[in-house]
Amino acid sequence: MRRAVLASVLAPLALMAPSAVAQQAQPPSAMMPEHHEDAALQTALANPTRDDAAKARDAFRHPYEALTFWGLAPNTTVLEIEPGAGGWWLEILAPYAQATGGRYIAAQGDLGAPEVSDRARQSRAALQESLAAYPSASIVDFGPRAGIDAPDGSVDMILTARMFHNWARQEGRVDQYMAEFARVLKPGGVLAIEQHRSQDGLNVADTASTGYVPESWVIQAAQKAGLTLDARSEVNANPADTKDHPFGVWTLPPVRNSEGDGRTLTAEERARYDAIGESDRMTLRFRKPAA
């Protein structure tokens, strides 16, 4: 059985200034969450319809370990935040839900917003096409106006991957969305987070533009919304990631930006950043308290 190396459950964070949130030391956990075997998930990962480039990233994103850590199981209603058309997690979760009596919901684009762009509409249409093969899958509006267009207490799991650096640059957006996650989750439901992780104690206002945010800042935001940190995993940790790259996290694979602002990476520099692999990431599991 493959297991992530799990850190302890964090005690509640002390109140900290929003401009600079420092990570707090935590006591050992008495309960270490177990990973479970899931043959249906292994089948979804091996699905020949998955893009080969997406499969190649399994070595960096550890989908089996992460999803079993988060608690994915048959008959689960999973809502993914902004997966994109043919998104990386979508290719795993939609067929898994279809095969196990669950539901997959994509929350992307707010078609009712007056300022919605043609590009957003096209992306939504492409996403709809990607999900056409899965009768149990659906799409709901998501954005500042709509929040999540889903009923209170209607989903078992919400997954958001690599989004917090975008939301952190918009005043109040993280608090708004965290509150929506808490509203839509069932009592006992899970918020699953994968996110590029900055060095401890840095100001999120300084790091978000590089794609990284402090782990403790994410934890504090979730706790503010009434969610409880259930467990942390280091399955997506990458100690080789120094987080000081010329084009932010997008210097690293899979984006591999190599030029901008008058600078172009040399072949030697490009090879060095490629050797780092994908970013160092937090992998967090929050739970909505049972009613």
Side-chain angles (χ1 to χ4, degrees), residues 1-6 31-108 127-140 148 150 153-162 181 184-195 230-236 254 278 281 283-288 290:
M1 182 186 298
R2 293 177 287 178
R3 299 171 184 264
V5 179
L6 301 180
M31 297 180 63
M32 298 300 287
E34 292 290 327
H35 296 279
H36 57 271
E37 296 291 352
D38 191 327
L41 181 54
Q42 291 172 336
T43 298
L45 289 168
N47 191 332
T49 64
R50 276 189 80 203
D51 182 75
D52 287 341
K55 287 182 179 180
R57 294 182 66 198
D58 288 358
F60 297 107
R61 298 192 72 174
H62 310 101
Y64 186 88
E65 293 88 345
L67 287 168
T68 55
F69 166 74
W70 285 323
L72 183 69
N75 302 307
T76 297
T77 297
V78 181
L79 185 146
E80 184 181 2
I81 301 297
E82 297 189 324
W88 195 86
W89 286 110
L90 179 156
E91 282 195 323
I92 301 167
L93 292 171
Y96 177 87
Q98 185 67 37
T100 63
R103 292 179 60 211
Y104 173 83
I105 304 170
Q108 179 169 315
L127 177 59
Q128 185 73 60
E129 185 175 348
S130 297
L131 293 176
Y134 308 106
S136 64
S138 59
I139 306 175
V140 297
I148 301 174
S154 58
V155 306
D156 299 297
M157 178 183 291
I158 294 175
L159 170 61
T160 179
R162 308 180 184 214
F181 301 159
V184 172
L185 282 172
K186 297 176 182 178
V190 167
L191 171 62
I193 293 177
E194 175 198 8
Q195 172 62 43
D230 200 37
R232 300 164 58 199
S233 173
E234 291 298 297
V235 66
N236 288 313
E278 295 199 21
R281 298 183 306 284
T283 305
L284 305 175
R285 188 177 76 203
F286 295 91
R287 198 173 295 278
K288 181 176 180 176

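Quantities reported herein were computed from a predicted structural model and do not represent experimental measurements.
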Check: For the residue pair Ala290 and Pro187, what are the closest heavy atoms and their distance?
Finding: CA-CB, 3.9 Å

Item checked: Straight-line distance of Leu45 CG to Tyr64 OH, nearest 0.5 Å -> 8.5 Å

Item checked: Derivation and outcome, side chain to side chain contact (heavy atoms under 4.5 Å, CB included), residues Ile92 and Leu41 -> CA-CA 8 Å; Ile92 301 167; Leu41 181 54; 3.8 Å; yes

Check: Is any side-chain heavy atom of Phe69 less than 4.5 Å from a side-chain heavy atom of Val235?
Finding: no

Next item on the list: For side chain to side chain contact (heavy atoms under 4.5 Å, CB included), just list the numbers for Leu67 and Trp89, CA-CA rounded to whole Å, side-chain angles, deciding distance to a tenth of an Å, and then say yes or no.
Entry: CA-CA 10 Å; Leu67 287 168; Trp89 286 110; 3.5 Å; yes

Next item on the list: Mind listing the closest non-hydrogen atom pair of Pro83 and Ala107 along with its distance?
Entry: CD-O, 4.0 Å

Next item on the list: Could you tell me which non-hydrogen atom of Asp230 sits nearest to which non-hydrogen atom of Arg287, and how far apart they are?
Entry: OD2-NH2, 3.0 Å

Notebook entry, point to check: So, Arg285 side chain and Trp70 main chain: donor-acceptor pair closer than 3.5 Å or not?
Noted result: no

Check: Under 3.5 Å, is there a donor-acceptor pair between the Asp156 and Thr76 side chains?
Finding: no

Next item on the list: For Gly84 and Leu90, work out which heavy atoms get closest and say how close.
Entry: O-CD1, 4.0 Å

Margin query: Rounded at 0.5 Å granularity, tell me how far OG1 in Thr77 sits from CE in Met157.
Written below: 11.0 Å

Next item on the list: Verify the neighbour count for atom CG of Asn75: are there more than 12 heavy atoms of other residues, nucleotides or ligands below 6.0 Å?
Entry: yes

Next item on the list: Please test Leu72 against Leu93 for side chain to side chain contact (heavy atoms under 4.5 Å, CB included), starting from the C-alpha separation and ending with a verdict.
Entry: CA-CA 9 Å; Leu72 183 69; Leu93 292 171; 3.9 Å; yes

Note to self: If we ignore hydrogens and angles and just use 3.5 Å, is the side chain of Trp88 paired with the main-chain N or O of Ala54 as donor and acceptor?
What the structure shows: yes

Item checked: Atom pair CZ/CZ of Arg281 and Arg61 - distance to nearest 0.5 Å -> 6.5 Å

Margin query: Would you compute the distance between atom CZ of Arg162 and atom CD of Gln195 and round it to the nearest 0.5 angstrom?
Written below: 8.5 Å

Item checked: Pairwise distance CG(Asn47) to NZ(Lys55) - rounded to 0.5 angstrom -> 6.5 Å

Check: Under the 3.5 angstrom rule, does the side chain of Glu80 hit a backbone N or O of Leu159 as a donor-acceptor pair?
Finding: no

Check: For Leu191 and Leu185, which heavy atoms make the closest approach, and how far apart are they?
Finding: N-CD1, 4.0 Å

Notebook entry, point to check: Quick one: are Ile81 and Ile148 in side-chain contact, heavy atoms under 4.5 Å?
Noted result: yes

Check: Could you give the distance from NE2 (His62) to CD (Glu234), rounded to the nearest 0.5 Å?
Finding: 11.5 Å

Next item on the list: List the atom of Phe181, the atom of Thr160, and the distance in Å for their closest heavy-atom pair.
Entry: CE1-CG2, 4.4 Å

